[in-house]
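Okay, structure first, notes after.
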Amino acid sequence: MAGGWRLLAADFAMSFMWVWSSVLNKILVHQILGYGAHELDGQIIRYTVSIINMFFFAFLAKATKGGAYNPLSILSAAFSGDFSNFLFTLGARVPTQVVGAIYGVRLILDTFPGIGRGPRLNVDIAKGALTEGLLTFSIVFISLGLARKVKDSFFMKTWISSVSKLTLHILGSDLTGGCMNPASVMGWAFANGEHITKEHLVVYWLAPVQGTFAAVWVFGILTRAKNNETVAATKDHTTKLKSEN
């Protein structure tokens with residue numbers, strides 16, 4: 001139980017810090033350094049800081065032994081885990097991350113009034129849901145592959161994951177904001193009174209959760225198929241050796 005409380009505390013703190021990190025990145029680039037929204041140098045600095053930021057949060061996740069700021073990252077593990085872990089994730093960890101993001105955004109707006117409104121949906125609901133669903137499917141599938149293939153290299157795993165997240169974010173930024181993080185979006189939506197709208201629930205919750213589930217399901221099928229091929233090849237090789245002897 002103590003370990004569970006520590007994990008919840010880590011989730012709250014990391015979700016709180018994550019919404020702040022994106023705002024501080026924008027302040028650094030646009031207000032302190034003075035770059036415009038579409039200046040190339042400013043974009044390069046912003047994306048570089050974003051990757052460094054993702055390395056920092058990956059280190060925090062490792063240091064806290066599983067702390068997270070994104071519900072999708074823990075749901076992907078919960079879908080393939082035992083039922084008690086699924087209940088703990090859905091009933092405790094996800095709400096804790098949402099609360100952390102809400103309090104983070106509240107403090108941001110109290111400290112920097114008018115700093116922004118968070119991600120905006122610039123297409124219709126169907127296109128927005130498809131966009132967030134595909135982006136989520138892609139990053140979850142990549143994360144599962146990295147956990148299986150590059151699990152012993154923290155730097156390489158984090159580098160590939162960070163660049164992938166940044167690339168997908170850029171691809172979806174003009175349509176939905178390219179968020180792939182329901183808790184973070186919920187923080188801004190709650191502050192603006194938009195957290196129970198159809199657009200928010202469908203695009204930023206339902207579609208990403210479905211994308212996560214689909215990625216876990218497809219990855220499981222491909223993994224089992226690969227394992228079956230390996231077992232079959234091993235049996236064939238063993239049979240061949242016995243026949244030769």
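All residue numbers in this chain count up from 1 along the given sequence.
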*How is the hydrophobic cluster of Leu121 composed, in terms of its other members, when Ile, Leu, Val, Met, Phe, Trp and Tyr link through side-chain heavy atoms under 4.5 Å apart, directly or indirectly?*
Val123, Ile125, Leu175, Val185, Val202, Val203, Tyr204
Quick one: does any side-chain atom of [X] pair with a main-chain N or O of [Y] as donor and acceptor, under 3.5 Å?
X	Y	value
Asn181	Ala183	yes
Ser76	Ser73	yes
His200	Glu194	no
Thr158	Phe155	no

Residue pair [X] / [Y], side-chain heavy-atom distance below 4.5 Å:
X	Y	result
Phe219	Arg148	yes
Met54	Ser161	no
Val49	Arg46	no
Ile115	Ile27	yes

Throw together a table of side-chain donor-acceptor distances under 3.5 angstrom for residues 34-43, partners on residues two or more places apart or in other chains.
| unit_1 | atom_1 | unit_2 | atom_2 | d |
| --- | --- | --- | --- | --- |
| Glu39 | OE2 | Gly36 | N | 2.7 |
| Gln43 | OE1 | Tyr47 | OH | 3.4 |
| Gln43 | NE2 | Ala37 | O | 3.0 |

*Classify the ring geometry between His195 and Phe190 as parallel (under 30°), tilted (30 to 60°) or perpendicular (over 60°).*
tilted
*What class does the angle between the rings of Phe213 and Phe79 fall in, given that below 30° is parallel, 30 to 60° is tilted and above 60° is perpendicular?*
perpendicular
*Could you tell me whether Trp20 atom CH2 has more than 12 heavy atoms of other residues or ligands within 6.0 Å of it?*
yes
_So which atom in Pro182 and which in Pro71 form the shortest heavy-atom distance, rounded to 0.1 Å?_
CD-CD, 4.2 Å
*Kindly give the heavy-atom pair with the smallest separation between Ser21 and Asn53, and that separation in Å.*
OG-ND2, 3.2 Å
*Presence of salt bridge, Arg120 and Glu199, under 4.0 angstrom*: no
*Short side-chain donor-acceptor distance under 3.5 Å, Asn122 and Thr176*: no
*Scan Phe16, Phe12, Trp18 and name whichever one has a ring-ring contact (aromatic ring centres under 6.0 Å, His included) with Tyr69.*
Trp18
Output a table of donor-acceptor pairs, distance under 3.5 Å, between side-chain atoms of residues 94-113 and any protein atom two or more places apart or on a different chain; print 'none' if there are none.
| unit_1 | atom_1 | unit_2 | atom_2 | d |
| --- | --- | --- | --- | --- |
| Thr96 | OG1 | Ala92 | O | 2.7 |
| Gln97 | NE2 | Ala68 | O | 3.1 |
| Thr111 | OG1 | Leu107 | O | 2.7 |

*Which is it for Leu28 and Leu24 under the side-chain contact (heavy atoms from CB on, under 4.5 Å) test, yes or no, and what are the steps along the way?*
CA-CA 6 Å; Leu28 170 67; Leu24 293 177; over 6 Å; no
